[in-house]
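Right, one structure below, let's go through it.
Here is the naming used below: chain letters follow the sequence lines, and residue numbers restart at 1 for every chain. None of the values given here were measured: they were computed from a predicted structure.
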2 protein chains.
Amino acid sequence: MESNRKTNNINHSVSVDCVVFGFDGFSLKVLLVQRDLRDNLDNGDDTLVLPGDLIYIDEDLEDAASRVLLDLTGIDNLFLEQIGAFGSLNRLAKDRDKVWLDLVRPIPESRVITIGYFALVNIKNYTIRPAGFAKHVIWEDFNEVGELGFDHNHILRTAIIKLRNKLYHEPVGFKLLPKYFPLNHLYTLYNTILNSKLDRRNFLRRILKTGFLKETDNFQEGVPHKPARLYKFIEKEFENDNNHKFKFY
Amino acid sequence: MESNRKTNNINHSVSVDCVVFGFDGFSLKVLLVQRDLRDNLDNGDDTLVLPGDLIYIDEDLEDAASRVLLDLTGIDNLFLEQIGAFGSLNRLAKDRDKVWLDLVRPIPESRVITIGYFALVNIKNYTIRPAGFAKHVIWEDFNEVGELGFDHNHILRTAIIKLRNKLYHEPVGFKLLPKYFPLNHLYTLYNTILNSKLDRRNFLRRILKTGFLKETDNFQEGVPHKPARLYKFIEKEFENDNNHKFKFY
DNA sequence: TTTTCAAAGTGTATATTTTACACTAAGTTT
DNA sequence: AAACTTAGTGTAAAATATACACTTTGAAAA
């Protein structure tokens, strides 16, 4: 359901943008929306942007990020974590972006500072549905992301660095996988995100030793080879303060 | 020199706040300013705040942080790093803070999102000088910081976590020390900031093995015991991407 | 000048962790 | 039944982390 607030409830100085990462078993994906330019411009690659919009004047930042994500993509109830604020004076200065701002913003020339948010999801748990100014919503392969609108490539670069750091120090890989998964999916995920070729046996030993995984009695089905045992993630307290001692790889 | 821009150049929705950490050889310090309440309130502990203020409409965020720091404390030319955005709806809602906002802000009731910045300095390199709305500027012992104005305790907590993480993974301890320093000062610094009692010999071996320190032919002077050899920090490339491999302790 | 004090400076043995490395097992398809 | 594909498993060597205490040196006090 879209919000039906009015223009004068908008904070014209502050927006939020969301980087939602997903993993399909092979590559890392990012959720992008294609702006509806209503024929004011040819559709080109650069009309892809991160889901985001201005906040309301009485709206918490994180609530705004959730609301915008829901309004544009249909994704609800996501745990979002802040990346940081992006406020360059020229972040809205590209010609194509100006065309779009003129079209949809009450004060298109307003200087806007955006707060970036970031989430990890299991793609299969979410069905995306374009709405609002989003003509299409897609899971774009991270390595094939071209030039995005505004400063969104910059925000995305900041997000991937954060993701990599998190992967090393916190048990977050599981968030990108289904509840039950074979260890090799986790292994592929690490290699993909970290651009590495970790030693498989050493990886499996170490990831099991963390104590965050529990083997189940379920096995893969429908695969044309020996089915692997499925594991699940064990929720247990994670002392963020001891980050440095905890190398997940 | 203070900026002489006018009220209508102010962005009433966005401010910056700076957490400047220093180290005096014994304890970690934070730069705080005491607001000048001009007798509208008794002076109490809670009138201490982080140096910060609204940004100008055409001002880069980091430039704003530098400018505000200079205007309030006289500290110039500091490398500032962003902590994040703080935007709770009630962050300006304390009674004492409202009194102050009424006194100094053109639109005191405006909802303001602040961007936190963070810096590490060698206290001795900077002379502080209160100006602007700062009645006093002090280096407060980190462990003795009481209730600050606004959400500044929250910003400070976020900053100390960032500092601890940086200390583990990046060569930043040196920024808090003079150019030439004895190894025990570095050792004390780590123990102080990390609340730990590291093994001294192991610490010295490890910190030297990083290759970021170079011994000099200078020694401490004026100490009532055997003077220690002074070391200096060697600038060399630090691959932020390899953070996880680099444990400084 | 001798003694005392305070911090500087230094090494080793043991435990733990990391790394490199390759074959057999099991289920599916042909 | 053979071929294919991924699952699943152990060990030895190297590197790193840890625990631990005495001697040296200069300044200050007696």
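Applying side chain to side chain contact (heavy atoms under 4.5 Å, CB included) to A:Leu31 and the options A:Leu50, A:Ile123, A:Leu69, A:Val121 leaves one that passes, A:Leu69.
For the atom pair OG1 of B:Thr114 and NE2 of B:His152, the computed distance is 6.0 Å after rounding to the nearest 0.5 Å.
Taking for each of B:Gly222 and B:Tyr249 the nucleotide of DNA chain D with the nearest heavy atom, the 5'-most of the two is the partner of B:Tyr249. Residue-to-nucleotide proximity on DNA chain D shows that, of B:Arg200 and A:Leu204, the 5′-proximal contact is made by A:Leu204. Judged by closest nucleotide on DNA chain C, A:Asp199 is the one of A:Pro224 and A:Asp199 placed further toward the 5' end.
Residue A:Lys197 contributes atom NZ, which lies 17 Å from atom P of C:dT19 at whole-angstrom precision. Atom P of nucleotide D:dA27 and atom NZ of B:Lys226 are separated by 12 Å, given to the nearest angstrom. Nucleotide C:dT17 holds its P atom 12 Å from the CZ atom of A:Arg205, rounded to whole Å. Rounding to whole angstrom units, CG of residue B:Asn202 and P of C:dG9 are separated by 17 Å. Across the protein-nucleic acid pair, B:Leu230 atom CG and C:dG9 atom C1' stand 15 Å apart, rounded to whole Å. Going from atom CD of A:Glu221 over to atom P of D:dT6 covers 19 Å, rounded to whole Å. For A:Phe219 and D:dT6, the CZ to P distance is 18 Å, given to the nearest whole Å. If you take OH of B:Tyr187 and P of C:dG9, they are 14 Å apart, rounded to a whole angstrom.
Taking the six-membered ring for Trp and the full ring otherwise, the centers of B:Phe212 and B:Phe248 sit less than 6.0 Å from each other. Between B:Phe203 and B:Tyr187, the distance separating the two ring centers is shorter than 6.0 angstrom.
Minimum atom distance to the side chain of A:Arg206 is reached by C:dT18, of the listed C:dT18, D:dC20, C:dA6. Of the candidates D:dT6, C:dG9, C:dG11, the closest approach to any side-chain atom of B:Arg201 belongs to C:dG11. Side-chain atoms of A:His225 lie closest to D:dA7 of the nucleotides D:dA7, C:dA20, C:dG9. Side chain of B:Lys209, nearest nucleotide from D:dA17, D:dC20, C:dG27: D:dA17.
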(request) Show the numbers, then the answer: is there a side chain to side chain contact (heavy atoms under 4.5 Å, CB included) between B:Asp141 and B:Lys29? (result) CA-CA 4 Å; B:Asp141 198 298; B:Lys29 305 282 187 180; 3.8 Å; yes
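Contact annotation for B:Asn184: backbone-only contact, meaning every heavy-atom pair under 4.0 Å involves sugar-phosphate atoms and none involves a base.
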